[in-house]
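Each remark here refers to the structure printed beneath this line.
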Amino acid sequence: MGSTSMLQFQDLNDPPAAKIVPKIEPKLEPLDEPSPPTPPPPLSTPPTLSPFAASDVFSEFSRISEMFRSAFGQCPAGNGDGSVLPEADPDSLALVPVPGTEPHLSNVTVAGARKHEQRSSELVRVTDMKSEDQQYYRGLVRKTRMLYDSLRVFAVAEDEKQKNGDTGHLLHRRTRADLKAAALMRERGLWLNRDKRIVGDIPGVTIGDIFCFRMELCVVGLHGQPQAGIDYVPASHSSNGEPIATSVIVSGGYEDDEDSGDIVIYTGHGGQDKNGKQVMHQKLECGNLALERSMNYGIEVRVIRGLKSGAAVNSKIYVYDGLYRVVETWFDVGKSGFGVFKFKLVRIENQVEMGSNVMKFAYNLGTKPLDVRPKGYVTLNLSKNKEKFPVFLFNDIDGDHDPVHFEYLTTTIFPPYVSNYGSKAGCTCTGACFNDCFCAMKNGGEFAYDMHGTLVRGKPLIFECGPKCGCPPSCQNRVSQKGLKNRFEVFRSRETGWGVRSLDMIQAGSFICEYAGVVLTREQVQIFTMNGDNLIYPSRFADRWSEWGDLSQIFSDYVRPQHPTVPPLDFAMDVSRMRNLACYMSHSSCPNVLVQLVLYDHNNVSFPHLMLFALEKIPPMRELSLDYGVADEYMGKLAICI
DNA sequence: GTGCATTCAAACCT
DNA sequence: CAGGTTTGAATGCA
């Protein structure tokens, strides 16, 4: 290895890269027909399943839980108590045979896909993506990440159920939900980009996308190492016998790093002890050599930044910041006194702004908005202190101040007859509610939210505890009734008119806000309709709740929640005089926000609250979007409040 | 193919 | 709460 002349400067203009990195047309698969490039996941529940009787619902959750426990409970089984599952065989996940299918048949197909396939070493760069390709891959990545998040949240909720009833402490060390979710997906071949080693951007992953766990980066193929900072194609597998780096994590794990955004002095790996102290000289091998070779050939490297963040559950998040080039490398004496390799990475121009910069910008906006953007604010308090968090109104492109003229509503106003209808009963819990309390039973014997207030999975209707209940406001089953949890901004945009974005990162499954308005009777609707628009018809919202927490790709016999049956929503909401921030959200057929129906202050299932939750992790300053349930081409006419 | 060392995690413990 | 400890999973390499 010593023969490598490592300090040779690269010729960025020299195109040997083309030899090493064959360009492929993104014609990875014809996209006209929806034929996915990755093996299509085993499709979900066959429609032959009999519809739920209400009484089944109560057993449904425990059944799903049981599937989950079985899937997770493959520890060192078979040692002493060989009684359980015959062998740590993930195929046994198909615990309940799908009706109408031969169990053997399904086992065979899954078993074939199950074998841990090695990551391919074929190096490619994806270029010339057409916009329909981009949409396709964006959707694929979004769906994959949603499944990962759903699984993770579900696993966390499962874990919390294992608590000791007396002490409230976990009976065992917390299971790593991030790892479980990734493992379940890998067993089913649901990881992306395993068949090619991609140099450059990953289709469907955009700059600014946020990931909360290293395994999540592995799942989408952005960075394939669960811990290591440098990902590369090994020398043994590359076409010319040289390793090539594809991505690095800049996370502060090496004391000699210097990160100034567009330019990063990245320290090579190696020479550290178990506690991360530099105790030896580094060598030009493995990832270090790969980075040097990438420099030599002018091959771009993906950079993902690990940031400390109070907003994240576990205080660290990863942001995709785009492509950099290694322009220089040298051997240096680090702070420890030991030799380290250093790589100067320079961000390639003409990419959209770095996600980590946007995050810093948003953070500063939250603390000192006028210092960051002296002009453009119409008000810093659109809700006039009715919300616990500020709602900015920002317009720097025209003179429209319209939203400031409406009375701000924090919750929907129902007519009196709505709350006079139906049962008045609530639970009688005096402390925390448990899964057997009255309100939990109304939800099928579970709570819809985990301990952090995250929606575990979408349902036709959720019953939160309410004023009739004995439990305190801190009850786990009170989430959407407590108002905003983030700082938001209503902003003017040339593309979408008014839009809404958050100054904070929003976790997938977290509550955003209510879609608030004044509920109208039919007679009132007719009068209003004569006068024109500004009416919202809740029945038109697409049922996006069904996508959140849908585990049918994981459990072949997963049954989507179908209880309770909600009659078609037969009311309209007037947002012509009183409204909240929700009605400024834009429409998208690939939305990042879902509508979940919730009852808490009354029990009339015909008039639920429309509660909005995040369908995915939403980075700060990214526009929120809802599926209003109409075709895109009509939105221009039907959009509300533009 | 197998075992093993390496690795800019993540959660828990002190 | 900073720093140590434990459990971990993918990968490249011998």
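Note that this is a predicted model, so its numbers are computed, not measured.
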Exercise for the section: Measure the distance from CD on Q272(A) to P on dA5(B) and round it to the nearest whole Å. Expected result: 19 Å
Practice task
Choose from dC8(B), dG12(C), dA10(B) the nucleotide whose nearest atom is closest to any side-chain atom of S251(A).
Solution key: dC8(B)
Completion exercise
Taking for L179(A) and for Q225(A) the nucleotide of DNA chain C with the nearest heavy atom, the one nearer the 5' end belongs to L179(A)
Practice task
Rounded to the nearest angstrom, tell me the gap between atom CZ in R214(A) and atom C1' in dA11(B).
Solution key: 16 Å
Problem - Aromatic-base stack, Y266(A) on dC8(B), cutoff 5.5 Å, angle under 30 - result: yes
Exercise for the section: Indicate, with a heavy-atom threshold strictly under 4.0 Å, whether S236(A) touches base, sugar-phosphate, or nothing. Expected result: sugar-phosphate
Practice task
Please find out if less than 6.0 Å separates the ring center of Y266(A) from that of F343(A).
Solution key: no
Exercise for the section: Ignoring backbone atoms, establish whether Y232(A) has a side-chain N or O less than 4.0 Å from OP1 or OP2 of dT6(B). Expected result: no
Practice task
Choose from dT7(B), dG12(C), dA9(B) the nucleotide whose nearest atom is closest to any side-chain atom of Y254(A).
Solution key: dT7(B)
Practice task
Would you mind classifying the nucleic acid contact of G224(A) as base, sugar-phosphate or nothing, using non-hydrogen atoms under 4.0 angstrom?
Solution key: sugar-phosphate
Problem - Comparing P234(A) and R176(A) on DNA chain C - which has the more 5′ nearest nucleotide - result: R176(A)
Handout entry: Residue R194(A), side-chain atoms from C-beta onward, closest of dC8(B), dT11(C), dC13(C)
Key = dT11(C)
Exercise for the section: Examine dG12(C): is either OP1 or OP2 under 4.0 Å from a nitrogen or oxygen in the side chain of R197(A)? Give yes or no. Expected result: yes
Problem - Donor + acceptor pair across side chains of E216(A), Y318(A) (<3.5 Å) - result: no
Problem - Side chain of P226(A) - closest among dT11(C), dA9(C), dC8(B) - result: dA9(C)
Exercise for the section: Would you kindly give the CD1-to-C1' distance between I304(A) and dC8(B), to the nearest whole Å? Expected result: 12 Å
Practice task
Take atom CD of E242(A) and atom C1' of dC13(C), then tell me their distance rounded to the nearest Å.
Solution key: 18 Å
Practice task
Looking at every strand, decide which applies to D231(A) at a 4.0 Å heavy-atom threshold: base, sugar-phosphate, or nothing.
Solution key: nothing
Practice task
Send over the distance from L284(A) CG to dC13(C) P, rounded to a whole Å.
Solution key: 13 Å
Exercise for the section: Using distance alone, with no hydrogens and no angle criterion, decide if N592(A) and E616(A) have a side-chain donor and acceptor under 3.5 Å apart. Expected result: no
Practice task
Give one of base, sugar-phosphate or nothing for G270(A), where a contact means two heavy atoms less than 4.0 Å apart.
Solution key: sugar-phosphate
Practice task
Take atom CD of Q278(A) and atom P of dC8(B), then tell me their distance rounded to the nearest Å.
Solution key: 10 Å
Problem - Sugar-phosphate only, base, or nothing, as touched by A182(A) at under 4.0 Å among non-hydrogen atoms - result: nothing
Practice task
Using atom CD of E216(A) as one end and atom C1' of dA9(B) as the other, report the distance to the nearest whole Å.
Solution key: 14 Å
Fill in the blank from the handout: The residue among K360(A), R305(A), R347(A), R302(A) that forms salt bridge (charged side-chain N to carboxylate O under 4.0 Å, His left out) with D321(A) is R305(A)
Fill in the blank from the handout: By the Watson-Crick or G-U definition, both distances under 3.5 Å, dG3(C) is matched with dC13(B)
Handout entry: Span that lies between the C1' atom of dC1(C) and that of dT5(C), in whole angstrom
Key = 16 Å
Handout entry: Cation over ring face, R142(A) and Y137(A), 6.0 Å, 45°
Key = no
Completion exercise
Considering only heavy side-chain atoms of F213(A), the closest of dC8(B), dA11(B), dC13(C) is dA11(B)
Practice task
Establish, with yes or no, whether the OP1 or OP2 oxygen of dA9(B) is under 4.0 angstrom from a side-chain nitrogen or oxygen of K316(A).
Solution key: yes
Problem - Euclidean distance, atom CE of residue M185(A) to atom P of dA10(C) [Å, nearest integer] - result: 13 Å
Exercise for the section: Output yes when at least one side-chain N/O atom of R152(A) is less than 4.0 Å from OP1 or OP2 of dA10(B), else no. Expected result: no
Handout entry: Side-chain H-bond candidate by donor/acceptor type, N296(A) with S294(A), under 3.5 Å
Key = no
